[in-house]
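Proteins come first, then strands; the chains are lettered A, B, ... in the order of their sequence lines, and each starts at number 1.
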There are 2 protein chains.
Amino acid sequence: MRNGATYLTECGLRPSVQRLAIYNYMVTHPTHPTADEIFEALRDSIPTLSKTTVYNTLKLFVAHGVIDEVFIDRTSERFDGNTLLHAHFLCNCCGAIIDTPIENPERVNDSLPHGASLNKTQLLYFGTCEKCLNQPNNN
Amino acid sequence: MRNGATYLTECGLRPSVQRLAIYNYMVTHPTHPTADEIFEALRDSIPTLSKTTVYNTLKLFVAHGVIDEVFIDRTSERFDGNTLLHAHFLCNCCGAIIDTPIENPERVNDSLPHGASLNKTQLLYFGTCEKCLNQPNNN
DNA sequence: TATAAAATTGTAACTATTACAAATTTATTT
DNA sequence: AAATAAATTTGTAATAGTTACAATTTTATA
């Protein structure tokens, strides 16, 4: 596992206590957490932590390519410590966001508009996950 | 072009003046408008129109499959009168949302999680459109 | 025509996010 | 080491999109 402080420094960001905690939370929780979830998770270990800091830091991380934002949930911003290309599946039943590898990554950007330059691709699926399908109550 | 009133009726929705106006706006404006844009565009012809009605109607349309919601813009809900599978490109420069055909539609759902059932797919691109690339000021 | 159901409306509330200025921490210079 | 400057964090208040809700209006049914 990559050293967080070193990595933030490499990305041009000073590895403050808050930034490091947020970064470490992201890489150890591949659950696409919201700012509020991160804030609640870290406030015990950093009692002075402000929610504004969490928002600012996440935005800063996205701007520096440290993390990604996933647009799969309109109710809250969701962040992803894994910046490598992969697809996301949102289960409409349990709300889980599941990562999946993209089967044909060399083809996923074939549908760009003519002449456009590309910064980011998101392949999003919405449906019901296997677990929920096997729980008869939920259907 | 499909008759709006007939289509709404087929979808189990009463074709009120408001619903018909919103539906007609959607099919004649493939710009992925927000609720507010639709409200502003229709308030002249329907002076009593309420923004709540626009929101409610759009949500109702989505629930009945009359239109889709596109998750490409986190600042506002964006709606799409074209419910056939296609990709979306958001230009970070001018804000335009461009439709593109999906080149290999038979492969776009290959990356589903194991055992999951699929309701909807969204293939989103973010970048700079050809027009903005050709305007040196913006780069 | 009377009654019931559906749809619309306006206001107020809600929630996620951002703006901003003050306070704190960290780095740099003297 | 002390003083100064820069960067970061913090808390509060504001913003904006969306929703809840109850009242009103419209449409359908009896």
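Atom-to-atom, CZ of R43(B) to P of dT9(C) comes out at 12 Å; the value is rounded to the nearest Å. Between I46(B) atom CD1 and dT8(C) atom P the separation is 9 Å, expressed in whole Å. With rounding to whole Å, N56(A) atom CG is found 9 Å from dT18(C) atom P. Across the protein-nucleic acid pair, Y55(A) atom OH and dC20(C) atom P stand 18 Å apart, rounded to whole Å. Following rounding to the nearest Å, D36(A) (CG) and dC14(C) (P) show an atom-to-atom distance of 17 Å. The distance from atom CZ of F39(B) to atom P of dT8(C) is 14 Å, rounded to the nearest whole Å. Here the C1' atom of nucleotide dT17(C) and the CG atom of D73(A) are 14 Å apart, to the nearest Å. Whole-Å rounding puts the R19(B) CZ to dT8(C) P distance at 5 Å.
Between the side chain of R74(B) and the main chain of D73(A), a donor-acceptor pair closer than 3.5 Å is present. Remark: the backbone N or O of R107(B) is not paired with any side-chain donor or acceptor of N104(B) at under 3.5 angstrom. The backbone N or O of S111(B) lies less than 3.5 Å from a partner atom in the side chain of T100(A), making a donor-acceptor pair. Looking at T28(B), its side chain does come within 3.5 Å of a backbone N or O of N24(B) through a donor-acceptor pair. Between the side chain of R78(B) and the backbone N or O of I72(B), no donor-acceptor pair lies under 3.5 Å.
An OP1 or OP2 oxygen of dT17(C) is reached within less than 4.0 angstrom by no side-chain nitrogen or oxygen of T52(A).
The side chain of S16(B) lies closest to dT8(C) when the candidates are dT8(C), dA16(C), dT9(C). Taking the side chain of R14(B) as heavy atoms from C-beta on, and the options dT9(C), dA6(C), dA27(C), the nearest nucleotide is dA6(C).
Across all strands, T75(A) comes closer than 4.0 Å only to sugar-phosphate atoms, never to a base (heavy-atom distances). Within 4.0 Å of T53(A), counting heavy atoms only, lies at least one base atom of the nucleic acid. Residue contacts shown for K59(B) are limited to sugar-phosphate atoms, with no base heavy atom under 4.0 Å away.
Interface limits on DNA chain D: the 5'-most and 3'-most nucleotides within less than 4.0 Å of chain B heavy atoms are dG17(D) to dA28(D).
With DNA chain D read from its 5' end, the first of the two nearest nucleotides for A35(B) and V17(B) is the one closest to A35(B).
The one candidate from F126(B), F71(B), Y125(B) that meets the ring pair (Phe, Tyr, Trp, His ring centres under 6.0 Å) condition with F71(A) is F126(B).
Residue T31(B) holds its OG1 atom at 7.5 Å from CE of M26(B), rounded to the nearest 0.5 Å.
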